[in-house]
S.K.: 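Structure below; questions to follow.
Chain naming here is simple, since letters A, B, ... match the order of the sequence lines and numbering starts at 1 in each.
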2 protein chains.
Amino acid sequence: MQKIKVSVDGVVFGYFEKSALHILLIQRNIEPFKGKWALPGGLVHDDEDLDAAVLRELQEEAGIRPDFLEQLYTFGKVDRDPRNRVISVVYFGLVNPSYHKLHADTDAADARWFSIDQLPELAFDHEAIFEKALSRLRTKIQYEPIGFNLLNTEFPFSDLEDLYQTIIGESIDRRNFRKKIMSYGLLDETNKIRKEGSGRPGKLFKFNKEKYQSLAEKGFYFEIK
Amino acid sequence: MQKIKVSVDGVVFGYFEKSALHILLIQRNIEPFKGKWALPGGLVHDDEDLDAAVLRELQEEAGIRPDFLEQLYTFGKVDRDPRNRVISVVYFGLVNPSYHKLHADTDAADARWFSIDQLPELAFDHEAIFEKALSRLRTKIQYEPIGFNLLNTEFPFSDLEDLYQTIIGESIDRRNFRKKIMSYGLLDETNKIRKEGSGRPGKLFKFNKEKYQSLAEKGFYFEIK
DNA sequence: CCAAAAGTGTTGGAAGTACACCCATGA
DNA sequence: TCATGGGTGTACTTCCAACACTTTTGG
């Protein structure tokens, strides 16, 4: 009789303008690792699909529902949980934090955004899980337009530049980047303008998801860099 | 108390020269789906890592040990197994069939290669799993040099061409393809020649894995098409 | 008028694509 | 000598990379 338990965990990335990338962590209020920070997650119910389980856990532990969510990898080393054998199906999500207020709920003492370069010590093998998610994000943002899930629905071009620079971690030529993105015709211009801060105000754009999907079906590939 | 069981399955691709791509299937000799063809796999032992479990199952059910093996996706829909809730961590593998003779062993009545365009009806959701694996193979072969695992260690250039054409499913310009591959400097020329069949014999090449790995660490990207 | 960010074009080089002929072998 | 597949070069086009000045706004 098999004794393995199945859990799900979520690595949810959020981006705060002109700042580092963040991930969502919860503070455990049960043993083991009580008091430590960890990725939100928990055991899958017997009558619940895996996707549903992550959505539920994210809801319960942080009150959040990501705009983008997909399966990342399944971690199953024998000793990754000190109590029992637990394998974890990990999902990778993106949200715009300004649209989602966190509230820790069941099972979590607290839920917070942490800058990825100032993470606390994490429970279990969550450090390794995070690394894998980050590397997936870095790769994937270069060939699928998923970055828009991290921005406001209407954003100035410079937000997009900053986002890519932050995630990829190198500086990009503004002019070439803009030309490339624009050439895909996936951004609709709004007639709004952002006038925050100093300098010339920028036009706001909107990502046209429908257009991307119809192009993608015809074999179009998004690609940056 | 959670009742979910954890299994692993493997989608193992094999390539037979000048022929379609094949996958390895086993014939079930227990219910459910007794007598039907299915992907090799089975329940994970309590004290066994996931990778070890797939390797064991492939060994037990087909007597095979793939040259390349990596995790593909975890399938966990509630009703995918008629008996109990079973989630399956699926791996995706590549072998050169001429180096591995199949022999069905424990749990399997038979093990055979099937051409991917003449697959029998499959047990469980294995059809969907296969589709996902195939699409991963098609994508991945274009940006990682994994195709060499499907060929003989020493192969004439035309085998590589055929392989890519078979997998991607469109015809490639021989001259440009060769130029591209050669430009990476990852193929070592042997001084052997293949004289099978008619026509001018071709030189045999060997993929230089070490060289690829050292380049990859320095940020080199393999890319075809 | 100064500071700050937005907006825009041109040019040279590299890489990709299209394309056709000669070569070595066995029958 | 013919049929079969192996081996190679060139010209055109497209894409990418490098690069700097002008515009709009607020203070």
Side-chain angles (χ1 to χ4, degrees), chain A residues 16-19 141-143 151-152 154-166 168-207 215 219-225, chain B residues 16-19 141-143 145 151-152 154-166 168-206 215 219-225:
Chain A
F16 295 84
E17 279 164 44
K18 320 264 172 194
S19 159
I141 203 174
Q142 304 198 27
Y143 64 89
L151 300 177
N152 291 331
E154 301 189 339
F155 55 89
F157 212 90
S158 54
D159 278 12
L160 192 59
E161 275 168 42
D162 288 340
L163 176 68
Y164 270 82
Q165 293 186 152
T166 303
I168 300 173
E170 39 190 279
S171 66
I172 297 177
D173 182 282
R174 280 193 316 130
R175 293 160 290 189
N176 294 336
F177 179 75
R178 185 166 178 142
K179 228 181 300 171
K180 189 73 196 277
I181 295 274
M182 286 309 194
S183 74
Y184 293 137
L186 295 173
L187 295 192
D188 294 341
E189 197 171 312
T190 67
N191 40 25
K192 294 175 204 153
I193 281 184
R194 170 155 81 182
K195 32 188 176 197
E196 266 169 59
S198 64
R200 176 174 174 174
K203 282 186 218 148
L204 299 184
F205 294 88
K206 247 183 120 153
F207 175 63
L215 284 173
F220 161 83
Y221 278 100
F222 177 87
E223 193 184 342
I224 292 298
K225 270 207 58 127
Chain B
F16 294 84
E17 280 163 45
K18 322 264 172 194
S19 158
I141 203 175
Q142 304 198 26
Y143 64 88
L151 300 177
N152 292 330
E154 302 190 337
F155 55 88
F157 213 90
S158 54
D159 278 12
L160 192 60
E161 275 167 43
D162 288 341
L163 175 68
Y164 271 83
Q165 291 186 156
T166 303
I168 300 174
E170 39 191 280
S171 64
I172 296 178
D173 183 282
R174 279 193 316 130
R175 295 161 288 189
N176 294 336
F177 179 75
R178 184 166 180 141
K179 230 181 302 171
K180 187 75 198 272
I181 295 273
M182 286 311 192
S183 74
Y184 293 138
L186 295 173
L187 295 191
D188 294 341
E189 198 171 312
T190 68
N191 41 26
K192 295 176 203 154
I193 281 185
R194 170 157 78 181
K195 32 188 179 201
E196 266 169 56
S198 63
R200 176 175 176 176
K203 282 184 219 150
L204 299 184
F205 295 88
K206 247 183 121 152
L215 284 174
F220 162 81
Y221 278 100
F222 178 87
E223 193 185 341
I224 291 298
K225 270 209 58 127

S.K.: Round to a whole Å and report the spacing from CD of B/Glu17 to P of D/dG5.
M.R.: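 For the pair B/Glu17 CD and D/dG5 P, the rounded distance is 14 Å.
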S.K.: Figure out the CD1/C1' separation between B/Ile181 and D/dT8, and round it to whole Å.
M.R.: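 In whole Å, D/dT8 C1' lies 17 Å from B/Ile181 CD1.
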S.K.: Within the structure, does a side-chain N or O atom of A/Arg178 lie under 4.0 Å from either OP1 or OP2 of C/dT8?
M.R.: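 The answer is yes; a side-chain N or O of A/Arg178 sits under 4.0 Å from OP1 or OP2.
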S.K.: Between D/dG5, C/dG7, D/dG7, spot the one nearest the side chain of B/Phe157, thanks.
M.R.: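 Nucleotide nearest to B/Phe157's side chain: D/dG7.
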S.K.: Check the distance between C/dG7's P and A/Arg194's CZ and give it to me in whole angstrom.
M.R.: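 It works out to 11 Å between those atoms.
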S.K.: So B/Phe205 and B/Phe155, would you call those rings parallel, tilted or perpendicular, with 30° and 60° as cut-offs?
M.R.: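 Because their plane-to-plane angle lies in the 30° to 60° range, the rings of B/Phe205 and B/Phe155 count as tilted.
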S.K.: Tell me which of B/Gly199 and A/Arg200 sits closer to the 5' end of DNA chain D, going by the nucleotide each one is nearest to.
M.R.: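 Its nucleotide being nearer the 5' end, the pick is B/Gly199.
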S.K.: Could you check how far CG of A/Asp173 sits from C1' of D/dC15, rounded to whole Å?
M.R.: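 To the nearest whole Å, that distance equals 15 Å.
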S.K.: State whether B/Ser158 places a side-chain N or O below 4.0 Å from either non-bridging phosphate oxygen (OP1 or OP2) of D/dG5.
M.R.: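 No, no such contact exists.
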S.K.: Taking N and O atoms by type only, does the side chain of A/Arg174 place a donor or acceptor under 3.5 Å from a partner on the base of C/dG7?
M.R.: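 Check passes, donor-acceptor contact within cut-off.
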S.K.: Please verify the inter-ring angle class for B/Phe177 with B/Phe157; under 30° counts as parallel, over 60° as perpendicular, anything in between as tilted.
M.R.: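 Ring orientation, 0 to 90° scale: perpendicular.
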S.K.: Between the main-chain N or O of B/Lys225 and the side-chain N or O of B/Lys180, is there a donor-acceptor pair closer than 3.5 Å?
M.R.: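 Answer holds: no.
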S.K.: A/Phe177 has an atom CZ; how far is it from atom C1' of D/dA18, in whole Å?
M.R.: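 Rounded to whole Å, this separation is 17 Å.
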S.K.: Relative to the 5' end of DNA chain D, which residue comes earlier, A/Glu223 or B/Asp159, by the nucleotide with the nearest heavy atom?
M.R.: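 Between the two, 5'-proximity favours B/Asp159.
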S.K.: Counting the atoms with a prime plus P, OP1 and OP2 as sugar-phosphate, which does B/Lys179 contact under 4.0 Å by heavy atoms, base, sugar-phosphate, or nothing?
M.R.: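 Touches a base.
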S.K.: Taking the side chain of B/Asn176 as heavy atoms from C-beta outward, which of D/dA18, C/dT17, D/dT25 is closest to it?
M.R.: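 Side chain of B/Asn176 sits closest to C/dT17.
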S.K.: Using side-chain contact (heavy atoms from CB on, under 4.5 Å) as the criterion, point out the one residue from B/Glu196, B/Arg194, B/Lys192, B/Glu161 that pairs with B/Pro156.
M.R.: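 Considering B/Glu196, B/Arg194, B/Lys192, B/Glu161, a side-chain contact (heavy atoms from CB on, under 4.5 Å) with B/Pro156 is found only for B/Arg194.
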S.K.: Classify B/Ser183 by what it touches in the nucleic acid, base, sugar-phosphate, or nothing, heavy-atom distance under 4.0 Å.
M.R.: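 If one applies the 4.0 Å heavy-atom cut-off, B/Ser183 turns out to touch nothing in the nucleic acid.
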S.K.: Measure from the side chain of A/Arg175, starting at C-beta and using heavy atoms only, and say which of D/dT25, C/dC19, D/dC19 lies closest.
M.R.: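 Closest of the options to the side chain of A/Arg175: D/dC19.
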S.K.: Within less than 4.0 Å of OP1 or OP2 of D/dC16, is there a side-chain N or O belonging to A/Lys180?
M.R.: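 Looking at the OP1 and OP2 atoms of D/dC16, one of them is under 4.0 Å from a side-chain N or O of A/Lys180.
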S.K.: Can you tell me if A/Glu17 uses its side chain to pair, donor with acceptor, with the backbone of A/Asp159 under 3.5 Å?
M.R.: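 No, A/Glu17 side chain to A/Asp159 backbone: no donor-acceptor pair under 3.5 Å.
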